[in-house]
2 protein chains.
Amino acid sequence: MESMQGEVIYPPLANNHISVDCVVIGFDGTQLNVLLVNRHGEEDGLAYHDMKLPGSLIYQDEDLDGAALRVLNELTGVKNIKLMQFRAYGSKNRTSDPKDVHWLERAQQARVERIVTISYLALVKIDRAIDKSLDAHKAGWVPLNDVKRLAFDHNLILTEAMHYIRDAAEVNPVMLFDLLPRKFTASQLRTMFELIYGHAIDVRNFHKKIAMMDYVVPLEERQQGVAHRAARYYKFDRKIYNKNRR
Amino acid sequence: MESMQGEVIYPPLANNHISVDCVVIGFDGTQLNVLLVNRHGEEDGLAYHDMKLPGSLIYQDEDLDGAALRVLNELTGVKNIKLMQFRAYGSKNRTSDPKDVHWLERAQQARVERIVTISYLALVKIDRAIDKSLDAHKAGWVPLNDVKRLAFDHNLILTEAMHYIRDAAEVNPVMLFDLLPRKFTASQLRTMFELIYGHAIDVRNFHKKIAMMDYVVPLEERQQGVAHRAARYYKFDRKIYNKNRR
DNA sequence: GCAAAAGTGTTCGGGTTACACCCATGC
DNA sequence: GCATGGGTGTAACCCGAACACTTTTGC
């Protein structure tokens, strides 16, 4: 689907009825962001540009997970992203907006009927390396609160993805550490939990909780040049986590 | 897919790449059972018969949820089954066994390539009315422990469905009441939880827990003609549940 | 009366909640 | 020195886990 160039040759599609879409969530220390790609087109003689989730029809020689990984790899250059499949969308009218149909057919260069999409979710660190690759693909991070009307049913998919994260994190909160950089402060960690769970967390109780998590290890390093007491950095140690839990 | 008759006319398929499969779990008071349909065929000149999950390719005029509901309605006659979509299966080699391919092509009367299936989960009461309809379709309840090798990747789907139930019930145990008849004893309820969670539950603590759930209301009715102290019946009151929780 | 399952309370410990003040730093 | 966010302890409460004996019924 990432085709505006026209003459690139693509591997054969498995069929034009099945796609994957990826909801990639990143945390910048303050807000949750979602990775979106720009879509340009013309409808009724008027140019428009809006955004969509990264996605693609699936190729003949790949399975669903593979297709989702490929989409993200093409976009970010990253290979080993943890992806969770979370839902299929196949409503008859999800490709009913003529704008969407026309855009697809031009991008796809084929008649498009009904498409079922399998949606994937990834939690990643926002990272300089990724950002460069994103620019090249006219894609970028958009704060969740600033997301406007997206193509297809992608607003729905995004909303349900956020619900899914919340539920999944309830069972296994450790997955959320994928959102954080290698070093993070206690309040970044807390802010992240607050954003996911949607409610404030008591600061003192939160510090107690961190202290109990042996896999969150305090570093000697502290913030530099901030206009207040410098915060300590912590890191997430997956080895310790794997050893003691599960 | 439920076609052994040959001359029945079916509505047009959306395409032959997308299907739904239903994992329907029922509880008989002692064991968990799954609803399976018989599959008959011939391969290399040898007749075989095994079992599969109920499923179907999707028709043009229905969406995914609709297709799953149709499958269950055709099979059981029941209309308002609560279905949860839980995962898509689209591995390239899920239709690699020649036996499966041949069977599908005969049932489908069309060339079959790759099929992505969207799997659904339902928890239902085992019920006389359903059972009659099942006989007519050569389908039936099979205790989970007695499930043999199933068609396609249906063993995988079943296994993952059971995991899914466990996780989902952890967040929202009330969904499990769908498995129970209108009247049930405390030990039936306990047995059900034990089967889902895979471990024994202390009897006294369990009674305390029931007592705290205002939506599990004790009835005056008791078991009849059992060779031990007769157990009290309880019922699940969804109105009370909806009022006080959520 | 005996086998078989139903039903009933108390104690202990760990984890979660609520809550208010001093600390370090840059400007 | 003041504004800004960082960091700390204690008491109350709730919930889950452990644990053993009496009751009712049919045979």
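Just so it is clear, the structure is predicted and the values come from calculations on it, not from any experiment. Quick note on labels: first sequence line is chain A, next is B, and so on, each numbered from 1. Note: hydrogens, waters and symmetry copies are ignored here, and every other heavy atom, side chains too, is used.
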- Message: Expressed as a whole number of angstroms, how long is the span from B:Arg190:CZ to C:dG7:C1'?
- Response: 11 Å
- Item | First encountered from the 5' end of DNA chain D, between A:Lys208 and B:Asp202 | A:Lys208
- Query: Between atom CZ in B:Arg204 and atom P in C:dG9, what is the gap in whole Å?
  - Reply: 10 Å
- Message: Please determine whether a side-chain nitrogen of the Lys or Arg among B:Arg166 and B:Glu170 lies less than 4.0 Å from a carboxylate oxygen of the Asp or Glu.
- Response: no
- Item | Minimum-distance nucleotide (side-chain atoms of A:Asn205 versus D:dG9, C:dG7, C:dG26) | D:dG9
- Item | Length of the line joining B:Arg232:CZ and C:dT8:C1', which is rounded to integer Å | 13 Å
- Message: Expressed as a whole number of angstroms, how long is the span from A:Leu189:CG to D:dG6:C1'?
- Response: 15 Å
- Protein-nucleotide distance (A:Tyr197, atom OH; C:dT17, atom P), rounded to Å: 12 Å
- Take the protein atom CZ of B:Arg229 and the nucleotide atom P of D:dC27, then report the distance between them rounded to whole Å. 19 Å
- Note on the structure: Separation of C:dC27 atom P from A:His228 atom NE2, nearest Å, is 11 Å
- Message: Tell me the interatomic distance from A:Ile201, atom CD1, to C:dC19, atom P, rounded to whole angstroms.
- Response: 17 Å
- Message: Check this for me: does any side-chain nitrogen of one of B:Asp21 and B:Arg87 sit under 4.0 Å from a carboxylate oxygen of the other?
- Response: no
- Quick one: do A:Lys243 and A:Asp237 make a salt bridge, cutoff under 4.0 Å? no
- Message: Using a 4.0 Å heavy-atom cut-off, does A:Ser187 contact any base of the nucleic acid, only the sugar-phosphate backbone, or nothing at all?
- Response: sugar-phosphate
- Contact nearer the 5' end of DNA chain C, comparing A:Met212 with A:Val226: A:Met212
- With the side chain of A:Val203 defined as its heavy atoms from C-beta on, choose the nearest nucleotide among C:dT8, D:dA18, D:dG7. D:dG7
- Item | Salt bridge B:Asp202-B:Lys209, side-chain N to carboxylate O under 4.0 Å | no
